[in-house]
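So that the names make sense, note that chain A is the first sequence line, chain B the second, and so on, each numbered from 1.
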Protein chains: 4
Amino acid sequence: MNVQLLNKKEAIFESTLTLINENGFHGTPMSQIASHANVATGTIYHYFASKDELITELFAHCRVKTNEHIFNVEESLSYKEKFFYIWNRLVDYYLANKKVFWFVEQFYSSPYYELIQQKKNPSYYGADRMRMFFEEGINAGIIRNVSFPTLISLYIGAATSHVKMVTYGFCKAQKQGREDLIEIIWNGVKNQ
Amino acid sequence: MNVQLLNKKEAIFESTLTLINENGFHGTPMSQIASHANVATGTIYHYFASKDELITELFAHCRVKTNEHIFNVEESLSYKEKFFYIWNRLVDYYLANKKVFWFVEQFYSSPYYELIQQKKNPSYYGADRMRMFFEEGINAGIIRNVSFPTLISLYIGAATSHVKMVTYGFCKAQKQGREDLIEIIWNGVKNQ
Amino acid sequence: MNVQLLNKKEAIFESTLTLINENGFHGTPMSQIASHANVATGTIYHYFASKDELITELFAHCRVKTNEHIFNVEESLSYKEKFFYIWNRLVDYYLANKKVFWFVEQFYSSPYYELIQQKKNPSYYGADRMRMFFEEGINAGIIRNVSFPTLISLYIGAATSHVKMVTYGFCKAQKQGREDLIEIIWNGVKNQ
Amino acid sequence: MNVQLLNKKEAIFESTLTLINENGFHGTPMSQIASHANVATGTIYHYFASKDELITELFAHCRVKTNEHIFNVEESLSYKEKFFYIWNRLVDYYLANKKVFWFVEQFYSSPYYELIQQKKNPSYYGADRMRMFFEEGINAGIIRNVSFPTLISLYIGAATSHVKMVTYGFCKAQKQGREDLIEIIWNGVKNQ
DNA sequence: CATGAATGAGGATTCATTCAT
DNA sequence: GATGAATGAATCCTCATTCAT
């Protein structure tokens, strides 16, 4: 697939992301996605078999992009530094790419996600890198030995909640809030 | 409005909740809501002006019900006990009423929520009780003086993430996970 | 189902019959069927689940109507007279209802027919009355003992071919042709 | 036009014949015809100006092939022998080439045929050879002096009906049925 | 000649909403 | 109040055809 084709697929992704943010899955007809991407309606169907497949593939695309971004971390940092760094990268990424954030949130809480889960294993999206990072800290005795879902609920749950707060406009002084948040989490999970 | 009518409205709410859980906003036509509730399509329009209003009112209904449940707390308990109790009530309620949980999540991440926000103030759903509870702890010097959104992100964010984990099937041993989670949060936010 | 509803279903049938005659299955959109029947597009879907079902039910309807017409025969007639009478009724009916004839022909030679066959038994359309009539003649020793499909091929095959000839305009003096045709068939199948 | 090209045209014809048999005119997109024939979609348009032309030319092709086959008859045979021989050749050809048979049947009962009729005279497809054969018998006083359409209705009508019966699966013992059928026709049309 | 990506008009179907009963 | 048939705009998707390579 050459550059031209990739560009077209990217344009469709971008268009879908933007419009679904504004109008939701339901409020975004294929025709609108097409015209916003400057392609014909039929063209979308060369790249995606259906609207469902388009949305599903866009979700995978977002997850991969997000994971690529947040795990881009200096190996020389201490574990604690990494713990703060990765979390801040995630929050930064979502705040800088709110469309990605909201699309993914919308996807997770819709019936689409169930369809996906049956077919894909976690490594598909790079989700297991998070697990490895936590295991590293537990094995080194740096963080408490609690289950992966518990850590995820805390680490990711707080990050997404924070982004929502900021986006909803409930949270003006985000700088301070962010620092408090990750520090509280660190205090809670660190040993001693 | 007599019992008969309330029953009909309840039946429509229940039907909507169930079907939107299974098929999403988009996948749930009014006709299906009607037949599942054993009423005629037109009947829904006696109680709700439109599909949007039905969904929006159902959301308010769910929020009120949830808040009524979680703040039903013994005044004699210590602050720490209340901190654990309320959180567990919330998780319990969502796990026992998964349809409510997922409907609300779906609503929050959809364009519906934006429409709501413009019209309603937080007290409408009883949301300010949470704020009052946190302020009580801060004023008494029991928990750290961090912003309300930060506390919410942590407390509610972790609860909803936990419920998601359990629902997705990622989290088998939920009992232990729950206890770890609220304990970590407490450790993180308590003074000293 | 009251008269009003029956009328609407009849109007849709009539419209479908007319338009498919003119433009074929493919060339006849539902919207056109609807407007020609003076109903809304959606109304068709109250009576028929899909275009396929509409066409399939119309086929059954035509077959039943045709069989009702042709077997309306005086019991007092001799077998030979009935043999001529029924055949002429069939040809008359098709010539007077060319739309029915062509629709049925089109249906038989399309992939629709295969779908039908799997579900319906011959008696459904009244098709076994023909078989009974031939068996009557064979048992009485009036016509030769040849298989039912053979008799059908001859009796019905010649009738439909004749109607086609007339319709195509290949056959001007139809009166004489018809009489020759059924006489030849009779000569061929009668005993002695 | 060299062999390569002829092969490609043949491949397109073959592909069209197969797919239209399975899915009808409507259910057979050009793209499917192309991929089944191992050519690009655009390639079809080098050989045929449109889908209509492709189908129309395929019809002519089938008619010519069929007529070439059935009139390949020994001159030394008696008229009666030829009468039986040609009919059996026709039935054999259709049974051995059911796709041709059903395509042609479908074409005849569709609006395509009307388009054709306006442009082509009967001799185009070799249809007048049948007429000549019947006239030969009439002039020699061997068969009854009935009109051409009458004879065609009988001779061809019975043949196609028989093929349909066999294809539909209504007719198991085809050998006996065939012999009965052509014998009955002969008895009906022969003089005395 | 051959390709197949791109087009966009057109078609089947759905569904929120209305309204006569 | 309650019904559910009727509406028709809106949506997803298809597919004949074109054209740059």
- Note on the structure: Atom CD of A:Q32 and atom P of E:dG8 are separated, to the nearest Å, by 17 Å

- Query: Step by step, would you call A:I20 with A:W102 a side-chain contact (heavy atoms from CB on, under 4.5 Å)?
  - Reply: CA-CA 9 Å; A:I20 285 184; A:W102 283 106; over 6 Å; no

- To the nearest angstrom, the CG-C1' distance between A:N7 and E:dA5 comes to 15 Å

- Query: Taking CD1 from A:I55 and C1' from F:dT11, how many angstroms apart are they, rounded to a whole number?
  - Reply: 13 Å

- Item | Spacing between D:K9 atom NZ and E:dA2 atom C1', to the nearest angstrom | 17 Å

- Quick one: is D:K8 getting a side-chain N or O under 4.0 Å of the E:dC1 phosphate, OP1 or OP2? no

- State, with a plain yes or no, whether a side-chain heavy atom of A:N97 is found less than 4.5 Å away from one of A:K65. no

- Task: Mark up nucleotides 13-21 of chain E, 5' to 3', with B wherever a protein heavy atom is under 4.0 angstrom from a base atom, S wherever such an atom reaches only the sugar-phosphate, and - elsewhere.
- Result: BBSSBB---

- Query: For A:N38, which residues count as a side-chain contact (heavy atoms from CB on, under 4.5 Å) partner, sequence neighbours excluded?
  - Reply: none

- Query: Using a cut-off of less than 4.0 Å, is there contact between a side-chain N or O of C:Y47 and OP1 or OP2 of F:dA5?
  - Reply: no

- Message: Under the criterion side-chain contact (heavy atoms from CB on, under 4.5 Å), I'd like the reasoning laid out for B:Y113 against B:Q106: C-alpha separation, chi angles, the key distance, then a yes or no.
- Response: CA-CA 9 Å; B:Y113 187 58; B:Q106 212 171 140; over 6 Å; no

- Item | Value in whole Å for how far the C1' atom of E:dA6 lies from CZ of A:F48 | 15 Å

- Message: Identify the stems formed by DNA chain E, where each pair is Watson-Crick or G-U wobble with both distances under 3.5 angstrom and a stem is at least 3 consecutive pairs.
- Response: E:2-21 with F:2-21

- Query: Does the separation of the ring centres of B:F25 and A:F25 fall below 6.0 angstrom?
  - Reply: no

- Message: Just the rounded figure in Å: distance from P of F:dG1 to CD1 of B:I44.
- Response: 16 Å

- Over how many whole Å does the gap from A:I33 atom CD1 to F:dC13 atom P extend? 10 Å

- Message: Which label fits B:F13 and B:F48: parallel for a plane angle under 30°, tilted from 30 to 60°, or perpendicular past 60°?
- Response: tilted

- Query: Do D:E14 and D:T18 meet the criterion of a side-chain donor-acceptor pair at a distance under 3.5 Å?
  - Reply: yes

- Message: If I compare all heavy atoms of C:F103 with all of C:C62, which pair ends up nearest, and what's the gap?
- Response: CD2-SG, 4.0 Å

- Item | Where D:S110 and D:F107 come nearest, the two heavy atoms and their spacing | OG-O, 2.8 Å

